[in-house]
There are 2 protein chains.
Amino acid sequence: MKDQTVELLKEYGINPTSQRVRIYDYLASGQGHPTVDEIYAVLQRDGHLFSRATVYNTVNLFLEKGLIHNVKVEANETRYDITSAFHAHFKCTSCGALFDIEMEEPLMADTAGFRVDRTSLVFSGQCPVCQAKAAEV
Amino acid sequence: MKDQTVELLKEYGINPTSQRVRIYDYLASGQGHPTVDEIYAVLQRDGHLFSRATVYNTVNLFLEKGLIHNVKVEANETRYDITSAFHAHFKCTSCGALFDIEMEEPLMADTAGFRVDRTSLVFSGQCPVCQAKAAEV
DNA sequence: TTTGTTATTAGAATTATTCCAATAACATAA
DNA sequence: TTATGTTATTGGAATAATTCTAATAACAAA
């Protein structure tokens, strides 16, 4: 187990079990924005056999502790993202790919007593590749 | 059936059946941001008996034609919104309420070849009422 | 009327997620 | 060490949102 991850989880008040460390490491390895199913499948494939329920428990725990975020674009498609500086997302409606977009966090115009804890900004449309493909035809 | 709605649906290339007109009218009546289930329940209650599948078909058609938008915050909670000028949403994580927030549409910093068709901006945190409640205790 | 197209319907199927009860892992106390 | 308590994991059942499917209904055109 990665000591670095163990320490990080502890910092966030999370008991660093082997499953949790593995799930975190996978999220941190930068494989895009996996769904629970993708996380489960990869860890299964790599012989770390455990339950789908554990993946749900773990990502929910990470979310709660603010270690990761999620992005919902399609119904039935919740993807997870390790926390870092704010960034927006771009979802291509043709190929389904999800991109990170570096930009400043938009602030709520008139907060009027609302306390904003989190900002989710998702653009959708067509990515350059799909536009090129569409133009070819 | 509302002639006005019939005309509007035609403009968007949608065959204005009675179910579709009723669903649109309900969305336009400004009852917050209903889920499919809420739309279904209300129309059932009012004696317009029809199928849940029709509600799904219809909102998906409206979405496709750009007549409405959807907002996803929680998993298993897709809410619908009639299209109008851009506005952000605020989701209260305590009481679950969803608010419209009038503000300017944030633009993607460096579009870099991406074609943006839609922007979804959702703030989340605590609404004034829930903050007041939390402070009382 | 006949034919073809489109819309609606009920219910089955699928899928994501949560729940639950049993077990395992681990730490602490005696 | 053993006993005890707490927390985590597990597989499978349960739930809920959504889509699919095949039959029928509605409607328009020929």
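In what follows, chains carry the letters A, B, and so on, assigned in the order in which the sequence lines appear, proteins first and then strands, with residues in each chain numbered from 1. In this text the structure is predicted, and so the values were computed from the model without any measurement.
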Validation: residues 118-131 of chain B side-chain donor-acceptor distances under 3.5 Å, sequence neighbours left out:
{"unit_1": "B:R118", "atom_1": "NH1", "unit_2": "B:N70", "atom_2": "O", "d": "3.4"}
{"unit_1": "B:R118", "atom_1": "NH2", "unit_2": "B:N70", "atom_2": "O", "d": "3.2"}
{"unit_1": "B:T119", "atom_1": "OG1", "unit_2": "B:E105", "atom_2": "OE2", "d": "2.8"}
{"unit_1": "B:Q126", "atom_1": "OE1", "unit_2": "A:R115", "atom_2": "NH1", "d": "2.8"}
{"unit_1": "B:Q126", "atom_1": "NE2", "unit_2": "B:S94", "atom_2": "OG", "d": "2.9"}
{"unit_1": "B:Q131", "atom_1": "NE2", "unit_2": "A:G113", "atom_2": "O", "d": "2.6"}
{"unit_1": "B:Q131", "atom_1": "NE2", "unit_2": "B:Q126", "atom_2": "O", "d": "3.0"}

Check this one for me: any side-chain N or O of A:T78 less than 4.0 Å away from OP1 or OP2 of C:dT17?
yes
For atom CD of B:Q44 and atom P of C:dT9, their distance in whole Å
9 Å
Return the orientation label for the A:H33 and A:H87 ring planes: parallel under 30°, perpendicular over 60°, tilted otherwise.
tilted
Just say parallel, tilted or perpendicular for the rings of A:F114 and B:F90, cut-offs at 30° and 60°.
tilted
If you only use heavy atoms from C-beta on, which nucleotide in C:dG11, D:dG12, C:dT8 is closest to the side chain of A:A53?
D:dG12
Using the side-chain heavy atoms of A:S51, tell me which of these nucleotides is nearest: D:dT10, C:dT18, D:dT9.
D:dT10
Heavy-atom contacts under 4.0 Å between residues 6-19 of chain A and DNA chain D, which residues?
A:N15, A:T17, A:Q19
Atom CG of B:N70 and atom P of D:dA17: how far apart are they, to the nearest Å?
16 Å
Return whichever of A:R52 or A:L61 has its heavy-atom-nearest nucleotide of DNA chain D closer to the 5' end.
A:L61
Connected via hydrophobic side-chain network under 4.5 Å: B:V21 and B:L61:
yes
For DNA chain C, whose closest nucleotide is more 5', that of B:N57 or that of A:N60?
B:N57
Whole-Å distance, B:Y40 OH to D:dA16 P, equals 16 Å
Phosphate contact (D:dT19 OP1 or OP2) by B:Y56 side-chain N/O below 4.0 Å
no
Can you name the closest pair of heavy atoms from A:H89 and A:I101 and give their distance?
C-CG1, 4.0 Å
A:R20 side chain, from C-beta outward: closest of D:dT10, D:dC20, D:dA8
D:dA8
If you look only at pairs with a residue in residues 54-67 of chain B, which of them pass as a side chain to side chain donor-acceptor pair (under 3.5 Å), with sequence neighbours excluded?
none
Could you state the atom-to-atom distance from CZ of B:R22 to P of C:dA7 in whole Å?
17 Å
Between C1' on C:dT14 and CD on A:E77, what's the gap in Å once rounded to a whole number?
16 Å
Identify whether any heavy atom of B:D37 sits under 4.0 Å from a base atom; if not, whether one sits that close to sugar-phosphate; answer base, sugar-phosphate or nothing.
nothing
Between B:V55 and B:I23, which heavy-atom pair has the shortest distance, and what is it?
CA-CD1, 4.0 Å
